[in-house]
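First comes the structure, then the notes that go with it.
This chain uses plain numbering: 1 for the first residue, then up along the sequence. First listed ligand is number 1; within each ligand, the first listed atom is number 1.
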Amino acid sequence: MDRPNDPQRMERIVSLCKRRGFIFQGSEIYGGLNGVWDYGPLGVELKRNLKDYWWRVMVRERDDVVGMDGAILTHRAVLKASGHEDTFSDPMSTCRQCKRLVRADQVEEAVLETPYAKSLESVFNNGKFNGAAILRWAEREGRKLAPNMAIVRNPQVTLSWLAEHFEEASAPLVEFEDFIRYLATEQLNVTGLVMPCPNCGGDLTEARPFNLMFSTQMGASADTESIAYLRPETAQSIFVQFKNVLDTARKKLPFGIAQIGKAFRNEINPRNYIFRSREFEQMELEYFCRPEHGMELLDYWLEERLKFYENIGLPRTKLHVLTVPDADRAFYSKGTYDIEYEFPFGLQELEGVAYRTDYDLTQHQAASGKSLDYFDEDTKARFIPHVIEPSAGVDRTVLALICEAYDEETVTDEKGKSENRIVLRFHPRVAPVKAGIFPLLKNQPPLVEKAREVQALLRPLMNVFYDETGAIGRRYRRQDEAGTPFGITIDFETLGERDPGLRDTVTLRHRDSMEQERVKISELAARLSGAIA
Ligand code: ATP
């Protein structure tokens, strides 16, 4: 059974995604653009099905939610008022030698994963100082793996204070991390112990805030007035358009405004495949309410969102709810939950459900000078509504769906030969292709003609894939790997050649059980539509 933190499983998933056309590295033929991904033919269908289902349950099936689609380019004043321009940052250090930027809170973790740290394990010697071995390492492996580390750049100086220091110290070093710090420190009394650059072993600067927003210039002049941002979240355009939507949609509290769209963050350390990228999509709802209903609606939306994930095939047992502790919550939030999923690389956030009080509307009202309040016709009072925000990542959910669906099993084929079957067990609702349509033999025009008829029948209702090449078993396997829940085979029975009673029936094969049944063509549309709804 696969466990969380299973790098091999993740590697197999990534390789399948590339091989079958789910996800490609952005700008791949030019060496790739870090943290940017393109979705291929199967990936785009999966992503679209996810977004469509979210839109359906969050907007179309509700009386109290309307949608909008805001622009990506955002006025600087919006992100100044929201607090992003001043505070949307991670503390960063720069390497003085290779100039690489590193997130200060992740240096240690990154260093321990480097090839130089792995290679230093053999020199650690359980913390007992061995100057000769260290020098040897610096001259050989160190030069290749960590050319800018103090012990490599300046072995004599570094070793001499190290030797002195360890002669005085009575106990051996306990932690391997400290050992690395010692080797990376050239002047202990000036800098204290330092952690090296994960890329080259060099010196890191003090941590400084680094803004995660992408800015761009609008228009012909390139001065500060012309700066605009690519939005770092979709939420702000909802707050900015709150009054326009309220006036035109004529909604009463509580009501929500939903949006799906791209967001951009200059993440320092994009990683875990599409989990943390620089361009991604969000599905966000801002649900406005009276202040007294905030806390109960926060719990209501948490439950709604958990149901959503279950309905797309992520079992409740793999979803964890983290109640964000007071100290980690935004200062304006009265309560925040993170919904986390057990990815093969660990438990990680899929969605945040936050009670943001009246912070955003109050900020924009103050900064714009335009009233963003709500008039209560019953009490004749005016006030700024509070808001609950379930904010989900499209790409992270796509990744969770793929990780959850991925399965390998050993099966026995018709000839009794056992083989490895890779299958994506997507919920039919999100599966990129709903049914594969296969004429048994491509050189039999009546079979091909009938298969094309079935294709034309189902096409307006769902995404189907026609495939006539190769043995039928191979065609099934190809669709298993694509996660297609149904296979429809048009065979000689369909033509009524052997048993006229079977005329106009097909073999319907089920991906997960591999069971096959006979179904009338006239019943196919209703059967499959029911399963994928
Ligand atoms: P994290 O702590 O993982 O950086 P966050 O708490 O900053 O995420 P939010 O600002 O709450 O994230 O954004 C809401 C959702 O948007 C997240 O739950 C996630 O699904 C998605 N998201 C945020 N940043 C990224 C990213 N860099 N790549 C992909 N999805 C993202």
Close aromatic pair by centroid cut-off 6.0 Å: [X] and [Y]:
| X | Y | answer |
| --- | --- | --- |
| Phe242 | Tyr374 | no |
| Phe345 | Tyr273 | no |
| Tyr359 | Phe331 | yes |

Exercise for the section: Using the side chain to side chain donor-acceptor pair (under 3.5 Å) rule, collect all pairs that involve residues 42-51, keeping only residues at least two apart or in two chains. Expected result: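 Counting only pairs at least two positions apart or across chains, the side chain to side chain donor-acceptor pair (under 3.5 Å) contacts touching residues 42-51 are Lys47-Glu281, Lys51-Glu281.
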Exercise for the section: Tell me yes or no: between the side chains of Asp360 and Gln363, is some donor less than 3.5 Å from an acceptor? Expected result: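 Absent: no donor and acceptor within the cut-off.
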Problem - Pair Lys18 + Glu28: basic N to acidic O under 4.0 Å - result: yes
Practice task
Could you name the protein residues that come within less than 4.0 Å of ligand 1, counting only heavy atoms, and order them by chain and residue number?
Solution key: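 Within 4.0 Å of ligand 1, the protein residues are Arg265, Glu267, Phe275, Arg276, Ser277, Phe280, Gln282, Glu349, Leu350, Glu351, Gly352, Ser391, Ala392, Gly393, Arg396.
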